[in-house]
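Working notes, structure below.
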Amino acid sequence: MTLLIIIIVLALIFDYINGFHDAANAIATVVATKVLTPFQAVLWAAFFNFLAYWVFGFGVADTVAKTAHTMEINLVVILAGVIAAICWNLLTWWLGIPSSSSHTLIGGFAGAAVAHAIAVHGFSGYAGEDGTTHYWYEIVSWYKAGKDGAMPSGVLIIIAFIVLAPLLGALASYLISIWLLNASRKVIGPKIFTVVLMIATVWVVSRLMVPYEEIVAHGKPRFDSHFWSVAFDPHNIKWLLVAFIILTVSGFCLIFSSLNLHQADAALKKMQLLSSAAFSLGHGGNDSQKVMGIIAAAVAVYINTNPGVHMASWLDVVLPNDDMGIKGVMPGWIPLACYSAIAAGTLSGGWKIVKTMGSKITKVTSFEGVAAETAGALTLYFTEHLKIPVSTTHTITGSIIGVGLTKRVSAVRWGVTVSLIWAWILTIPISAILAGLVYFILSIFM
């Protein structure tokens with residue numbers, strides 16, 4: 001039990017470090033454009049990091065918890081993974097490199113699990129509980145097909161989104177920038193497009209909303225009120241936020257051409273508050289869930305390695321299993337503690353990375369800030385809906401590159417960008433190797 005408590009504490013410390021390491025993701029553009037002072041910006045971001053507690057479900061947490069097969073590992077594996085993730089995060093923060101805290105955690109967890117499998121079974125095959133032959137590399141959940149046409153999961157999908165997340169962010173921010181640029185012209189075409197987009201958004205979101213009857217069928221509604229239960233359902237609230245963001249930007253596009261330069265800049269700066277808030281929500285919802293997943297996995301491993309143990313109600317965690325029809329259970333203090341830790345970390349700031357994100361990639365104005373943060377937020381909501389733990393760092397970096405490309409290719413400082421990409425590529429393997437070494441060291445003493 002002592003080791004389990006240590007892991008939970010270290011996981012929350014990692015969550016805190018994640019907050020100040022990734023604070024730059026949400027606040028770099030509002031600081032660079034002087035919409036908010038650095039202190040105001042971190043307060044703003046921290047508030048919405050914590051607000052994500054009431055917005056998002058636990059889909060990403062479930063994915064992270066199942067990175068390795070919990071029936072085949074012990075608590076030393078998770079401890080090694082968290083220690084390695086903390087070390088790599090602190091090193092990249094010190095060097096001012098906006099690497100991915102998400103991939104650090106996934107790489108550390110997977111690397112320690114593989115080291116455990118090699119230490120226990122060696123490189124040869126061994127007989128599993130099902131009677132079939134297994135190998136050391138199968139301890140990690142590399143790929144699992146989605147049920148009923150749903151999105152597949154596994155470490156390979158997470159690795160694929162090292163490329164896909166920044167590409168989605170870049171494409172979305174590029175298209176939003178083009179939309180805004182055309183909306184500034186005194187022609188009718190962009191306005192017709194905007195009205196059509198608003199109608200389409202309302203129609204699509206209304207079709208995706210989960211009705212009250214379905215909410216009741218799947219569990220207790222959050223409120224007694226029919227309306228508030230539907231509005232604040234985790235699935236529905238994400239789509240309502242998407243609609244709110246698109247409709248707000250659309251409303252601005254309809255009046256953009258009638259504003260003078262000073263009025264347009266003032267309006268864009270106000271919209272940056274909305275876009276940074278939306279991104280901070282996505283950051284809190286995506287990254288805090290990864291730590292929830294690690295804590296849930298640790299509890300599951302403790303139960304597996306101590307059969308018959310009676311768990312206190314505050315540690316009564318059950319991982320969901322769709323194949324067996326088991327619903328997940330997570331005590332309320334775990335998400336509350338995780339969201340509080342990341343919000344506290346964000347309050348501490350991460351000024352070295354703010355400088356890299358806010359000015360070294362490309363020059364950012366209020367116009368670019370709105371486009372980049374809006375694109376980043378929509379990308380995070382989309383991937384969270386698919387239960388994919390993507391990197392908020394990769395997403396916002398791709399979004400900033402996308403707005404830079406609307407000016408010209410040379411507007412992006414590709415030398416800085418290439419260095420960042422190398423950091424992204426190396427994060428998972430280095431974290432995995434580091435976690436493996438930490439596991440072997442810890443195993444000597446435990």
Side-chain angles (χ1 to χ4, degrees), residues 7-31 36-56 58 60-61 64 81-106 108 276-295 333-358 373 376-377 380 384 389-397 423 427 431:
I7 290 171
I8 291 172
V9 172
L10 284 177
L12 292 174
I13 290 172
F14 172 83
D15 203 20
Y16 171 82
I17 295 170
N18 186 354
F20 75 73
H21 187 281
D22 288 3
N25 298 340
I27 69 173
T29 58
V30 288
V31 172
L36 295 174
T37 66
F39 180 69
Q40 290 171 333
V42 293
L43 279 176
W44 184 255
F47 173 74
F48 285 97
N49 274 172
F50 183 74
L51 195 64
Y53 169 66
W54 286 276
V55 175
F56 295 97
F58 306 127
V60 171
V64 173
V82 173
I83 291 173
I86 289 173
C87 291
W88 181 247
N89 249 11
L90 288 174
L91 177 63
T92 52
W93 165 77
W94 180 256
L95 297 174
I97 301 170
S99 67
S100 169
S101 298
S102 312
H103 294 150
T104 302
L105 194 60
I106 297 294
S276 65
F279 190 86
S280 294
L281 268 175
H283 172 219
N286 199 287
D287 284 26
S288 289
Q289 284 192 57
K290 294 155 192 170
V291 177
M292 290 182 220
I294 289 296
I295 293 174
W333 73 267
I334 295 179
L336 187 60
C338 290
Y339 283 113
S340 299
I342 200 169
T346 299
L347 277 173
S348 303
W351 309 118
K352 290 185 179 184
I353 299 175
V354 167
K355 186 177 180 182
T356 300
M357 300 291 285
E373 289 164 348
L380 287 180
E384 199 279 339
V390 302
S391 166
T392 55
T393 306
H394 296 187
T395 303
I396 194 62
T397 303
T427 290
S431 299

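Atoms considered below: every heavy atom in the structure, side chains included; atoms not considered: hydrogens, waters and symmetry mates.
- Shown here are the side-chain contact (heavy atoms from CB on, under 4.5 Å) partners of Thr427, two or more places apart in sequence or in another chain: Trp88, Ser99, His103, Thr104, Ser431.
- Leu51 is linked by a side-chain contact (heavy atoms from CB on, under 4.5 Å) to Phe47, Phe48, Trp54, Leu281, counting only residues two or more places apart in sequence or in another chain.
- Put simply, the side chain of Thr92 gets close to the backbone of Asn89: a donor and an acceptor are under 3.5 Å apart.
- Across Ile8 and Ile295, no two heavy atoms sit closer than the pair CG1-CG2, 4.1 Å.
- Residues that satisfy the side-chain contact (heavy atoms from CB on, under 4.5 Å) test with Leu90, not counting sequence neighbours, are Ile17, Phe20, Ile86.
- Asn18 CG to Leu12 CG: the interatomic distance, rounded to the nearest 0.5 Å, is 12.0 Å.
- Shown here for Gly285 and Ala52, the closest heavy-atom pair between the two residues is N-CB, 3.5 Å.
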Just distance, no hydrogens or angles: give the donor-acceptor pairs under 3.5 Å from side chains in residues 337-345, sequence neighbours left out.
{"unit_1": "Ser340", "atom_1": "OG", "unit_2": "Leu336", "atom_2": "O", "d": "2.7"}

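- Qualifying side chain to side chain donor-acceptor pair (under 3.5 Å) partners for Asn286, counting only residues two or more places apart in sequence or in other chains: Lys290.
- Of all heavy-atom pairs spanning His283 and Asn49, the tightest one is ND1-ND2, 3.4 Å.
- Between Ala11 and Val291 the shortest heavy-atom distance is O-CG1, 3.4 Å.
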